[in-house]
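The analysis underlying the following values was restricted to heavy atoms, covering all of them including side chains, and did not include hydrogens, waters or symmetry mates. The chains referred to below are lettered A, B, ... by the order of the sequence lines, with proteins before strands, and numbering in each begins at 1.
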Amino acid sequence: MRWSQTLIPTLKEPPADAEIVSHQLLLRAGLCRKLTGGLYTFCPLGLRVLRKVEQIVREEMNRAGALEVLMPALQPPEIWQRSGRYETARDVLYKAKDRSNKEWVLSPTAEEVITTLAASEINSYRQLPLNFYQISVKFRDEIRPRFGLMRAKEFIMKDAYSFDMSDEAAMASYRKMYDAYTRIFARCGLQAFPVEADTGVIGGNYSHEFMVPAETGENEVVYCESGKYAANIEKATSRGPLVPIPTVSTGPAPEKFATPGVVTIDALSQAPYGVPAAAQVKTLIFIADGKPVIVLVRGDDQLNEAKLAGKLGATAFRAAVPEEIVAAMGAKPGSLGAVTSTRKDTAIRVFADEQLRSARGMTTGANEDGFHLRHVDVDRDIRVDVWADLRTVRVDELAIETGLPMKIRRAIEVGHVFKLGTKYSEKLESSFLDVDGQRKPTVMGCYGIGITRTLQAVIEQCHDKDGIVWPMSVAPYQVLLTPLGAAGSATMQLGEELYRQLSEAGIDVLLDDRDERPGFKFKDADLVGIPLRVSVGEKSLAKGEVELKPRGGALQAIRKEEAVAQVIAHVREALKKLS
RNA sequence: CGGGACGUAGCUCAGCCCGGUAGAGCACCUGGUUUGGGACCAGGACGUCGCAGGUUCAAAUCCUGUCGUCCCGACCA
């Protein structure tokens, strides 16, 4: 391609609405443009990168034995109702109506459709295993689109769904995808690593996310430096808090004491009360499917809402508002407690974090504004309905596996693999006859990669102060030719000749044939980030030379006769490193 | 949805407090000079100041509403 004949709208300054560097470079390098919040048009250069990422994904999915299909983006709500997700996922579902007022769902993912296909087409164990994938546009009514392509209302996702005859077989399918993902991100030049993950609204019981470390990432990953443990903070566990919990009883029964104006854990830990946060019980009220629930964690712990969601088994839950809290507990936030004898309504279920089991000598709210209770022994004074791990792990806590302190870092989630089990196959009736003639539900897995997000994650990880530094495998063009003279000059003539030869050799080459000054071309070249630049200038041409300049590497003069062969060798070598 | 910031030329922004002529740099068009790290000179084109009301002799500027964008939180590839 000749630069003068395509559209690469580079920008000297970052647009005001781009906050993070990858979003800025996405726009500055002319890869895409915003139509409106969360919706982007891919310009020619950006589309080339997108296609390259897709192709890597396609090759690795095919290699892993998955079959490419294409499902409708417009889906009937009935199948969403059958899976139950018409309700549980309703906040992210875009809906549209047709002329007869019938409602349709714009696909945010495709478990329902693929399981419908499996239900009608898979009948025998002899057909299994099967794994279907597609690369297509997905729609999600995101609460807040953010950071360009990172979180958009419409994005491109590769989604795959495996069907197996048993749990063990499903595990093997899962493993294949896990390995394929590892290869995919490596080929894209990304340093991504798998972490244990929460399963969220999709459901299922086993899951990993592939994370790209980045300060701008929306996730927090807890990891042990031994490499033996890494998990999303929503899922992460540890050997427990560094400060132990009190286990010695301080009195025969809870004792009420006045705490006027004290409504925070912190205030109660100060003089004159001096109750350490670790010796307090934090009482939180949530509304789950319309009903209040009480949630208890240690005073110095943070509730992990993802963990709570998993235990509540509710389709929807949220923090209670003050009026709801007063109605349920008889006191305002700051004086709440779960001590059974002080409860206004003892029918409300109590969920408590495991750390509170057998905690003694604790302090908590008295359900009376301005009063707390001391000498609370949890096992004696509080009726707990559900014990569970509900706390958020903190930095330096010890890993269960290794006993070593763990760290926390931010990361971008680019892929997610789930073992789904039979949740969807049962609801949408995908079953098969086993060897012994028994009808069984297929055991499913599902596997997603955010293609557009991966593209931006590459930029987030591969850039310097001057612009993008594309890995050869996903670069929009592999080689950029920059003749420095004007049209008709000797340098431009040689540029044209190299362009012809490299194109014929199958190299993706972009010729900067614009009538611009050298400095201008170099700035654009660095910004756009083509991995290998070949410059043809008057001075070097006089010596019979051209210059090879890998993006981010050192300039090298070579004989012009050797240019084509050297460029091809360089491209092949770079691709080989990423294969 | 809660909290915050911002909407002025294609882009980045000034002007707004303190009401009175709509500005700069970059980009764009024409001509000329330039040509190894975002050139220079001369000329030109580009705006219902997000939108709608209101106050006023007069509104980019003050008031009210509304729409949009971005950031922080809940959601996720």
Side-chain angles (χ1 to χ4, degrees), chain A residues 9-20 23-24 27-28 33-39 57 88-93 108-109 135-160 181 192 197-202 209-212 216-219 232 234 286 305-306 309 316-319 321 412-418 446-457 466-467 482-487 489 491-492 514-527 533 535-541 547 549 555:
Chain A
T10 55
L11 300 171
K12 195 177 285 188
E13 290 174 283
D17 55 8
E19 183 80 3
I20 67 173
H23 186 194
Q24 291 174 353
L27 297 166
R28 288 188 60 208
R33 285 293 182 263
K34 184 173 77 173
L35 176 62
T36 182
L39 297 171
V57 170
T88 55
R90 70 167 176 269
D91 288 347
V92 299
L93 287 185
T109 164
I135 297 174
S136 65
V137 175
K138 301 293 186 295
F139 301 88
R140 290 192 192 170
D141 190 357
E142 291 289 347
I143 302 164
R144 180 151 85 91
R146 239 205 301 214
F147 299 152
L149 303 176
M150 284 296 184
R151 177 174 299 282
K153 294 178 176 176
E154 181 186 313
F155 60 99
I156 296 176
M157 179 166 93
K158 184 285 301 175
D159 44 326
Y181 276 33
D198 180 60
T199 50
V201 74
I202 293 183
E209 289 164 337
F210 283 76
M211 295 288 194
V212 174
T216 53
E218 296 188 86
N219 298 270
N232 191 306
E234 294 179 343
F286 284 84
E305 292 198 15
F317 83 101
R318 58 177 172 81
V321 298
I412 300 162
E413 178 191 352
V414 288
H416 201 160
V417 294
F418 288 89
C446 74
Y447 317 93
I449 291 179
I451 303 283
T452 38
R453 184 182 283 179
T454 298
L455 186 162
Q456 193 173 338
D466 297 314
T482 51
L484 301 181
S489 67
T491 60
M492 190 61 78
R514 295 174 300 174
D515 193 6
E516 293 288 355
R517 297 158 63 89
F520 189 93
K521 290 188 176 186
F522 292 148
K523 287 291 186 188
D524 260 357
D526 287 346
L527 182 56
R533 190 181 86 201
S535 296
V536 185
E538 299 280 353
K539 292 176 197 163
S540 43
L541 191 54
E547 290 155 4
K549 171 77 169 60
L555 194 132

Any strand, both distances under 3.5 Å, Watson-Crick or G-U wobble: G36(B) pairs with none
Applying a 4.0 Å non-hydrogen cut-off, can you work out what Gly537(A) is touching in the nucleic acid: base, sugar-phosphate, or nothing? base
Quick check for you: among G36(B), G68(B), A27(B), whose closest atom lies nearest to any side-chain atom of Ser540(A)? G36(B)
Ignoring backbone atoms, establish whether Lys521(A) has a side-chain N or O less than 4.0 Å from OP1 or OP2 of U35(B). no
Only pairs with both distances under 3.5 Å count, Watson-Crick or wobble alike; so what is the partner of G19(B) in this structure? none
Is there a side-chain polar atom (N or O) of Arg146(A) under 4.0 Å from OP1 or OP2 of C72(B)? yes
Just to be sure I understand the rule, does Asp524(A) reach a base, reach only the sugar-phosphate, or reach nothing, if contact means heavy atoms closer than 4.0 Å? base
Watson-Crick/G-U partner (both atom distances under 3.5 Å) of A60(B): none
Applying a 3.5 Å limit to both distances, which nucleotide forms a Watson-Crick or G-U wobble pair with G2(B)? C72(B)
Is Arg144(A) near enough to C71(B) that one of its side-chain N or O atoms lies under 4.0 angstrom from OP1 or OP2? yes
Donor-acceptor pair, distance only, cut-off 3.5 Å: does the side chain of Glu547(A) make one with the backbone of Ser535(A)? no
Counting only Watson-Crick pairs (N1-N3 plus N6-O4 or O6-N4) and G-U wobbles (N1-O2, O6-N3), all under 3.5 Å, who is the partner of C51(B)? G65(B)
Distance criterion of 3.5 Å, no angle test: do you see the side chain of Glu547(A) paired donor-to-acceptor with the base of G36(B)? yes
So which nucleotide does A45(B) pair with, by the Watson-Crick or G-U wobble rule with both distances under 3.5 Å? none
Reckon Lys158(A) touches a base, only the sugar-phosphate, or nothing at all at heavy-atom distances under 4.0 Å? nothing
Considering only C71(B), G36(B), C76(B), which nucleotide approaches the side chain of Phe147(A) most closely? C71(B)
Taking the side chain of Asp17(A) as its heavy atoms from C-beta onward, which of A39(B), C71(B), C70(B) lies nearest to it? C70(B)
Under 4.0 Å between a side-chain N or O of Arg517(A) and OP1 or OP2 of A39(B)? yes
With a 4.5 Å heavy-atom cut-off, do Thr216(A) and His23(A) have their side chains touching? no
Determine the contact category for Leu527(A): base if any of its heavy atoms lies under 4.0 Å from a base atom, sugar-phosphate if only primed atoms, P, OP1 or OP2 are that close, otherwise nothing. base
Please work out if Arg28(A) contacts a base, only the sugar-phosphate, or nothing of the nucleic acid, heavy-atom cut-off 4.0 Å. base
Comparing Val92(A) and Thr10(A) on RNA chain B - which has the more 5′ nearest nucleotide: Thr10(A)
Going by side chain to side chain contact (heavy atoms under 4.5 Å, CB included), Ile156(A) matches just one of Thr454(A), Ile451(A), Leu455(A). Which one? Ile451(A)
Consider the side chain of Lys523(A), meaning its heavy atoms from C-beta on, and name the nucleotide among G38(B), G36(B), C75(B) that approaches it most closely. G38(B)
Quick one: the side chain of Arg151(A) and the base of C76(B), do they pair up donor-acceptor inside 3.5 Å? yes
When both distances are under 3.5 Å in a Watson-Crick or G-U wobble arrangement, the nucleotide paired with U12(B) is A24(B)
